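Position 1 is the first residue of the sequence; numbering continues from there. Please read all numbers here as calculations on a predicted model, not as lab measurements.
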Amino acid sequence: VQLQASGGGLVQPGGSLRLSCTASGLNLADYAMTWFRQAPGKEREGITCISSHGRLWYDDSVKGRFTISRDNNRNTLYLQMNSLKTEDTAVYFCASPGVMGCTVVNGVLSRHAMDYWGKGTQVTVSS
């Protein structure tokens with residue numbers, strides 16, 4: 001299984017970016033897919049998940065600004081990020097727990113539940 005995130009870059013506050021995650025060896029439609037991010041000096045945090053049935057979960061920090069989606073024909077996961085803030089600066093990773101559902105416990109999507117990780121893509125929000 002290989003996951004590869006792309007689409008990161010430098011953007012001004014208030015701007016938008018769309019990240020993509022392509023998969024090989026894994027049919028994204030059959031599994032939950034997630035996006036995590038890791039800012040310098042901080043732990044990797046789960047920010048959104050889409051289950052195999054299309055159920056969505058967002059962390060409060062991105063709710064209303066970020067949208068996760070999946071194109072089953074292209075076997076690609078997306079993260080549309082709007083109204084970006086400086087605190088969104090981080091390396092973004094796509095990941096899958098290898099099961100159909102999004103396991104969120106006490107409002108936290110745990111990185112320890114993920115079986116498959118992609119290499120990250122850097123997002124920098126700065127003026």
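Going from atom CG of Leu17 over to atom OG1 of Thr124 covers 9.5 Å, rounded to the nearest 0.5 Å. Distance check, rounded to the nearest 0.5 Å: CD of Gln4 to OG of Ser20 gives 11.0 Å. Here the CG-OG distance, from Leu77 to Ser69, works out to 7.0 Å after rounding to the nearest 0.5 Å. One finds the OG1 atom of Thr89 at 9.0 Å from the CZ atom of Arg37 (value rounded to the nearest 0.5 Å). To the nearest 0.5 angstrom, Ser126 atom OG is 8.5 Å from Gln12 atom CD. The CD1 atom of Ile50 sits 10.0 Å away from atom CE of Met33, with the distance rounded to the nearest 0.5 Å.
When hydrophobic clusters are built by joining Ile, Leu, Val, Met, Phe, Trp and Tyr residues whose side-chain heavy atoms come closer than 4.5 Å, directly or via intermediates, Leu3 is not grouped with Met100. Residues Leu84 and Leu10 do not share a hydrophobic cluster, clusters being chains of Ile/Leu/Val/Met/Phe/Trp/Tyr side chains in contact below 4.5 Å. Both Trp35 and Val1 belong to a single network of hydrophobic side chains, linked directly or stepwise wherever heavy atoms of I, L, V, M, F, W or Y lie under 4.5 Å apart. Under the 4.5 Å side-chain heavy-atom criterion for ILVMFWY residues, a single connected hydrophobic cluster contains both Leu56 and Met81. Following chains of ILVMFWY side-chain contacts shorter than 4.5 Å, one cannot reach Tyr78 starting from Tyr58, and the two form parts of different hydrophobic clusters.
Of all the heavy atoms in Ser51 and Gly101, the pair that sits closest is CB-CA, 4.2 Å. For Ile47 against Tyr92, the heavy-atom pair with the smallest separation is CD1-CE2, 3.7 Å. Scanning all heavy atoms of the two residues, the minimum distance from Gly8 to Leu19 falls at N-CD2, 3.6 Å. Nearest heavy atom pair, residue Ala32 against residue Cys49, reads CB-SG, 4.1 Å. For the residue pair Ser16 and Gln80, the shortest heavy atom distance occurs at CB-NE2, 4.0 Å. Looking at every heavy atom in both residues, Leu26 comes nearest to Ser96 through CD2-CB, 4.1 Å.
Checked against salt bridge (charged side-chain N to carboxylate O under 4.0 Å, His left out), Arg18 has no partners two or more places apart in sequence or in another chain. Applying the side chain to side chain contact (heavy atoms under 4.5 Å, CB included) test to Asn75 and every residue at least two apart in sequence or in another chain returns Ala23, Asn27, Leu28. Take Glu87 and apply the salt bridge (charged side-chain N to carboxylate O under 4.0 Å, His left out) test, not counting sequence neighbours, and it matches no residue. By the salt bridge (charged side-chain N to carboxylate O under 4.0 Å, His left out) test, Arg70 pairs with no residue at all, sequence neighbours left out.
Within a 6.0 Å radius of CD in Gln122, more than 12 heavy atoms belonging to other residues, nucleotides or ligands are found.
Other cluster members for Val104: Phe36, Trp57, Val91, Phe93, Leu109, Met114, Trp117, joined by side-chain heavy-atom distances under 4.5 Å among Ile, Leu, Val, Met, Phe, Trp and Tyr.
For the residue pair Asp30 / Ser52, no side-chain donor-acceptor distance below 3.5 Å is found, with atom types taken as modelled.
Thr34 places a side-chain N or O within donor-acceptor distance of the main-chain N or O of Ala95, the cut-off being under 3.5 Å.
Pairs of residues two or more places apart, or lying in two chains, that qualify as salt bridge (Lys or Arg N to Asp or Glu O under 4.0 Å) and include a residue from residues 53-69 are Asp60-Lys63, Arg65-Asp88.
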